[in-house]
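First the structure, in the form of structure tokens, and then the observations on it.
Everything numeric here is computed off the predicted structure, so don't read it as measured data.
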Amino acid sequence: MIREMVAILDFGSQYGQLIARRVREQNVYSRICRADTPAEELAQMPLKGIILSGGPASVYQPGAPRCDEKIFDLDVPILGICYGMQLGCQVLGAEIARAESHEYGRATLKMLDKSDLFANLPDEALVWASHGDQVGALSAGFDKMGETKTCPYAAVRHRDKQFYGVQFHPEVSHTPKGEVILKNFLYDICDCAGDWKMSDFVAETIKAVQDQVGDATVICGLSGGVDSSVVASLIHKAIGDQLVCILVDNGLLRKNEREGIVSTFRDHFHIDLRVVDWSQQFLTALDGVTDPQKKRKIIGAEFIEAFKSEADKIPNAKFLAQGTLYPDVIESGSKDGNPAANIKLHHNVGGLPEELGFELVEPLRDLFKDEVRQVGEHLGLPEDMVWRHPFPGPGLAVRIIGEITPERLEVLRAADEILIDEIKAAGLYRQISQALAVLVPVSTVGVMGDERSYESVIALRAVETTDFMTADFSHIPYEVLGIISSRIINEVRGVNRVVYDVSSKPPATIEWE
């Protein structure tokens with residue numbers, strides 16, 4: 001039972017879930033809610049505070065997202081961040097205008113009032129700003145708490161309404177003292193006890209699954225990755241034999257992937273696992289396709305057909321469980337009116353049409369990858385499964401740039417196996433968040449023996465991240481990269497060059513397609 005929580009009203013910020021995650025790191029349960037969630041609905045929650053997220057809109061534009069203004073009468077503290085600050089200030093009578101000097105990136109915040117929100121902080125601190133609008137003039141009841149060189153009202157407080165506003169992002173790592181600011185808000189202002197644990201999330205989720213499912217059967221798409229493995233384990237704990245897992249062999253799996261999944265879940269965990277070999281249908285549909293978004297759509301459509309072919313044989317099957325995470329939701333774009341950018345299509349979010357005939361069960365939808373691993377550990381899953389690197393739903397199709405063929409798949413499978421083997425041998429697997437090999441659609445000149453060759457290029461990608469929303473490339477030692485390169489060129493027929501990707505996210509994504 002959740003005893004206390006903080007609601008985050010999401011105005012389309014790419015950082016919305018990051019705010020929720022930072023709150024949870026302080027052992028306070030947080031929940032993302034629609035920006036226009038009625039105050040009456042929020043009042044039914046064990047609410048200790050509200051955070052208004054940032055967003056890309058301008059509060060004075062027609063159609064800009066709004067909150068229910070009655071939330072300011074709920075007698076709980078409210079923290080507005082960037083757009084959330086501007087909206088709260090506007091509702092409470094302040095003037096919002098286009099800034100003469102936009103503020104993007106690092107700025108120095110001068111703190112004028114170090115009580116409550118800025119307690120235990122220095123007089124000045126670096127913060128991360130990203131705004132073109134700002135408060136132009138305060139109305140009665142406001143106190144000015146901080147300023148930057150170009151933003152005179154970088155932090156404010158309304159004395160009567162328990163409203164605090166900051167014109168920067170305390171939730172991002174680029175604001176070094178942001179954790180202290182959020183901690184002050186949660187503990188000193190909202191008076192949170194901070195006794196929420198991941199075990200509470202697991203217990204709450206198990207109950208939610210039981211309530212949603214009743215006595216119906218749930219089908220889970222099992223890929224063997226961390227997300228689907230944790231979903232299967234969590235739902236199995238909730239409903240036992242009412243769970244049926246389906247592994248779709250799409251012909252795009254890694255080497256020995258299918259055999260390992262069957263051994264783990266059917267033989268070890270005794271979960272009802274059905275295997276559908278749909279590899280020929282996938283490869284036929286992908287024949288000649290090079291556009292990455294088209295690949296994903298084709299794979300999503302075939303995935304549905306494969307599922308239906310087996311699901312039709314399962315009596316009382318009414319629900320489909322998926323390992324959707326919040327980064328998937330963000331990067332696929334919002335469907336509920338919040339203006340999140342559509343970066344790439346995830347087949348397990350946007351590719352399941354209503355005619356599938358199942359209601360979705362997505363118990364991990366509000367979690368980041370590191371939180372999913374915590375759930376897996378709590379459920380007692382094996383360490384090598386919990387800490388396995390992510391693998392995309394479309395499989396190797398999005399790691400082969402250009403056309404998908406059986407021959408190119410075999411080349412990439414062999415290179416991928418060598419990469420993973422060697423980073424494990426070097427003791428780097430847990431340090432690296434995700435490592436992958438990419439087959440590039442170009443041939444380069446080389447010398448094999450005494451003859452000139454024109455063969456394929458393998459690109460290696462390894463990143464380190466905590467939330468998979470941002471990532472830096474891993475600094476793998478040169479000698480390890482040398483071993484990997486030498487083995488791939490010597491052991492994988494058709495490859496004569498290996499390169500290493502040193503891009504960060506952003507501007508690049510982790511996967512190449």
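- Contact check for Trp128 versus Arg106: side-chain heavy atoms found under the 4.5 Å cut-off.
- Arg399 CZ to Phe391 CZ: the interatomic distance, rounded to the nearest 0.5 Å, is 5.5 Å.
- A salt bridge does not link Glu204 to Lys207: none of the charged nitrogens lies less than 4.0 Å from a carboxylate oxygen.
- With hydrogens and angles ignored, the 3.5 Å screen pairs a side-chain donor or acceptor of Lys295 with a backbone N or O of Ala397.
- Checking side-chain atoms of Ser53 against main-chain N and O of Phe11 turns up a donor-acceptor pair under 3.5 Å.
- For the 3.5 Å distance criterion, the side chains of Glu377 and Trp387 qualify, holding a donor opposite an acceptor.
- Closest of all the heavy-atom pairs between Leu42 and Ala7 is CD2-CB, 3.9 Å.
- In summary, the side chains of Ser433 and Thr465 do not present any donor paired with an acceptor at a separation below 3.5 Å, with no hydrogens or angles considered.
- Between the CG atom in Leu409 and the CG atom in Leu252 there is a gap of 6.0 Å [rounded to 0.5 Å].
- Expressed to the nearest 0.5 Å, how far CD1 of Ile299 lies from CH2 of Trp278 amounts to 15.0 Å.
- Atom-to-atom distance recorded for Asp227:CG and Leu222:CG is 11.5 Å, nearest 0.5 angstrom.
- Between the side chains of Gln280 and Thr284, at least one donor N or O sits under 3.5 Å from an acceptor N or O.
- In this structure a side-chain-to-backbone donor-acceptor pair under 3.5 Å is present from Asp10 to Ser13.
- Side-chain atoms of Ser485 never come within 3.5 Å of backbone atoms of Gly482 as a donor-acceptor pair (strictly under, hydrogens ignored).
- No side-chain heavy atom of Thr470 sits under 4.5 Å from any side-chain heavy atom of Val172.
- Environment of NZ in Lys183: sparse, with no more than 12 heavy atoms of neighbouring residues, nucleotides or ligands closer than 6.0 Å.
- In this structure a side-chain-to-backbone donor-acceptor pair under 3.5 Å is present from Gln242 to Gly214.
- Nearest heavy atom pair, residue Gly402 against residue Glu513, reads N-OE2, 3.9 Å.
- Glu371 pairs with exactly one of Arg24, Arg21, Lys197 by the salt bridge (Lys or Arg N to Asp or Glu O under 4.0 Å) rule, that one being Arg24.
- Side-chain atoms of Glu4 come within 3.5 Å of backbone atoms of Gly194 as a donor-acceptor pair (strictly under, hydrogens ignored).
- Between Arg388 and Glu257 there is a salt bridge, since at least one side-chain N of the basic residue sits less than 4.0 Å from a carboxylate O of the acidic one.
- Nearest approach of Leu273 to Ile261, heavy atoms of both residues: CD2-O, 4.1 Å.
- A heavy-atom distance below 4.5 Å is not found between the side chains of Glu359 and Val361.
- Each ring-ring contact (aromatic ring centres under 6.0 Å, His included) pair with one or both residues in residues 407-436, not counting sequence neighbours, appears once here: His389-Tyr429.
- The structure places CZ of Arg274 at 13.0 Å from CG of Leu247, a figure rounded to the nearest 0.5 Å.
- Within the 4.5 Å cutoff, the side chain of Leu79 has heavy atoms near those of the Leu182 side chain.
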Ignoring hydrogens and angles, write down the donor-acceptor pairs under 3.5 Å from the side chains of residues 230-241, residues two or more places apart or on other chains.
none

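- Looking at Asp277, its side chain does come within 3.5 Å of a backbone N or O of Ser279 through a donor-acceptor pair.
- Ser503 places a side-chain heavy atom less than 4.5 Å from the side chain of Arg461.
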After noting the C-alpha distance and the side-chain angles of Leu481 and Val498, does the key distance pass the side chain to side chain contact (heavy atoms under 4.5 Å, CB included) rule?
-> CA-CA 9 Å; Leu481 287 173; Val498 175; over 6 Å; no

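- Classification of Lys308 and Glu305 as a salt-bridged pair fails, no side-chain N sitting under 4.0 Å from a carboxylate O.
- Across all their heavy atoms, Phe303 and Phe282 have their closest contact at N-CZ, 3.6 Å.
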Go through the steps for Ile404 and Leu283 under the test side chain to side chain contact (heavy atoms under 4.5 Å, CB included), then give the verdict.
-> CA-CA 7 Å; Ile404 310 297; Leu283 295 180; 4.1 Å; yes

Would Val248 and Phe307 satisfy side chain to side chain contact (heavy atoms under 4.5 Å, CB included), going step by step from the backbone distance to the final call?
-> CA-CA 7 Å; Val248 174; Phe307 249 86; 4.0 Å; yes

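- The ring-ring contact (aromatic ring centres under 6.0 Å, His included) analysis of residues 184-230, with sequence neighbours excluded, yields the pairs Tyr29-Trp196.
- Here the side chains of Val375 and Thr205 are not in contact, with every heavy-atom distance at 4.5 Å or above.
- In this structure, CD1 on Ile458 lies 9.5 Å from CD1 on Ile418, to the nearest 0.5 angstrom.
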Take Arg254 and Leu396, measure what side chain to side chain contact (heavy atoms under 4.5 Å, CB included) needs, and give me the verdict at the end.
-> CA-CA 7 Å; Arg254 289 174 288 194; Leu396 297 178; 4.2 Å; yes

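- Looking at every heavy atom in both residues, Ala35 comes nearest to Leu9 through O-CD1, 3.8 Å.
- At a threshold of 4.5 Å between non-hydrogen side-chain atoms, the residues Ile510 and Leu436 count as touching.
- Using modelled atom types, no side-chain atom of Asp416 and backbone atom of Leu412 make a donor-acceptor pair closer than 3.5 Å.
- The closest donor-acceptor contact from the side chain of Asn496 to the backbone of Thr444 lies under 3.5 Å.
- In Glu179, the CD atom is not crowded: 12 or fewer heavy atoms of neighbouring residues, nucleotides or ligands sit closer than 6.0 Å.
- Formation of a donor-acceptor pair under 3.5 Å by the Ser263 side chain with backbone atoms of Gly260 is not found in this model.
- Nearest heavy atom pair, residue Val180 against residue Ala119, reads CG1-O, 3.9 Å.
- Counting only heavy atoms from C-beta outward, the side chains of Leu126 and His174 never approach each other to under 4.5 Å.
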